[in-house]
Amino acid sequence: MKINEHFLQLKDSYLFATVGRKTTEYKNAHPDRKVIRLSIGDVTRPLAPIVVRAMQRAVEDMGRKETFKGYGPDQYCYGYDVLIDSIKGSYARKGVTLSSDEVFISDGAKSDLGNILDLFSADNTVLIPDPVYPVYVDTNVMAGRRILFADATEENGFLPMPQEGVKADIIYLCSPNNPTGAAYSKEQLRAWVDYANRNDAVILYDAAYEYFVQDEYLARSIYQVEGAEQCAIEFCSYSKTAGFTGVRCGYTIVPTALKRGGASLKRMWARRQSTKFNGVSYITQMGASVVFSEEGEREIAENIGYYRRNAAVIASCLDELGIWYTGGKNSPYIWMKCPDGMQSWAFFDRLLEEANVVGTPGSGFGKNGEGYFRLTAFGTHEDTQEACRRISAMLRRG
Ligand code: MLT
C-alpha cells in the first residue's frame, strides 16, 4: 500500500497544537505559575441565556417519544428549517437573499473549509493570502495542490488585491482576517469577484468573524457584492459569534448560480455532505436557531462588546508601550509587531517565560507573519488586564 505522501510535506504539527504543546510543557515544568492564554481564539463567555433555554427545550424533546428526533431532515442535508430560516433572516438584514437549499449546516467553518476541497481537482492552482489561518495551506498541502501566495503586508494594509498576471483556480479570502484583523471593503471585494469571474476561479470566503465588523463600508458577506453568487462559497460559524467553540455549529453558503465545468457546485456539495456527513445534532441546531432572533442578537452583542473591551485594553497597553499593531476594531485579534525586531517564536518564548503569557507567533500564519505576534481578545477581562500588566512590566524592564 501507499500512504498519501503529501502529508510528509506538512509541518510537524498544526500551529495551535504546537502552541498548546509548548504551553503544557512550560506549565508542567512550573506548576506554581499562572499562565494566561491569549493564543488560540477560544471564547470564554458562556452561551447566551436564550440559546441555553432553546437547548434545554430540545433536550426535553429528545426525551419524549412524541417529539424525539433521529437523523435530521434529508431535504437540506440534515439542517432543520427553523435554523435555515434564521440564517436566511440574518442574510436578508445584510441585503442578501438566499434560498433554503443554498444553506448547509455543519459542525463549524474549519471542517467545511477543509472538506470543500473534495469538489475540486488536485490539479487546480490555489491562491492563499500570507499570513492567514493555517487550515487553508495545510489542507491543500495534504491534497498536493500547487499553492501561490498573495502577500499581505503593512504596505497593502494586510489586504492583498488581485493581480492580473497571476492565474489561480481557487482563491481563499478571510475577512475580517485571521490573524491580522484587516477587513475588506465592499469595493475591494468587488475587484476579487470580477477577477474570479473573469478567470473562471472560485473564491472560498471565510466570514467566521463577520459579526465583529463595525464599520459600515466593510463587507459582512461576499454576497453583498454583485456577481459573487457566480463565483463564491461562504463559510460562517457560530463559534466566535455565539460562543459555540465547544458546541460546534456553522453554515456554508453554496449559491445555485455557482457552476464550474458545467456542474452545479451546490449539487456536488449536497452529494458530498449526504455521503460523508450525518448532520449536526438536533440540540445544537435548536440552540443555534435562536442566535439570530432579536433577543439572541441582543445577547450575543453583549458578549461581542465584552471582547471588544478586551481588545481596547490590549490596544491601549500597546499604545502606551509605543508598539505598532493593527486589528482589534473589526476583529477580535490584535496583530502586533514584536518589540526590538524580535522574531515571532523568540518573542513567544520570552513572553511565556518572563510574563507567563501565551500568544500566537505571526510566522505560524505564513512567512509574512515573521516578526509579528497575535493576541486574542477572547480571554476573560481579568486575564486580559493581568496579561497586559505583565507584558508592560516585562517590556519596561527591557
Ligand atoms: C484561531 O485561534 O485562529 C482560531 O480559534 C482557530 C479556529 O477557529 O479554528
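Whatever order the structure lists ligands and atoms in, that order sets their numbers, starting from 1. Heavy atoms only: backbone and side chains are in, while hydrogens, waters and symmetry mates are out.
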* Please name all residues satisfying ring pair (Phe, Tyr, Trp, His ring centres under 6.0 Å) with Tyr307, sequence neighbours left out, ordered by chain then number. => Phe378
* Asp206 side chain vs Ala208 backbone, donor-acceptor pair below 3.5 Å -> yes
* Listed by chain and number, what are the salt bridge (charged side-chain N to carboxylate O under 4.0 Å, His left out) partners of Glu210, not counting sequence neighbours? -> Lys94, Arg220
* **Residue pair Tyr26 / Asn356, side-chain donor-acceptor N/O under 3.5 Å** => yes
* Would you call the rings of Tyr238 and Phe244 parallel, tilted or perpendicular if under 30° counts as parallel and over 60° as perpendicular? -> tilted
* Residue pairs fulfilling salt bridge (charged side-chain N to carboxylate O under 4.0 Å, His left out) with at least one residue in residues 260-270, sequence neighbours excluded -> Asp101-Lys266, Asp200-Arg260
* Asked: Mind checking what residues have non-hydrogen atoms under 4.0 angstrom from ligand 1?
  -> Phe16, Ile40, Gly41, Tyr133, Asn178, Tyr209, Lys240, Tyr333, Arg374
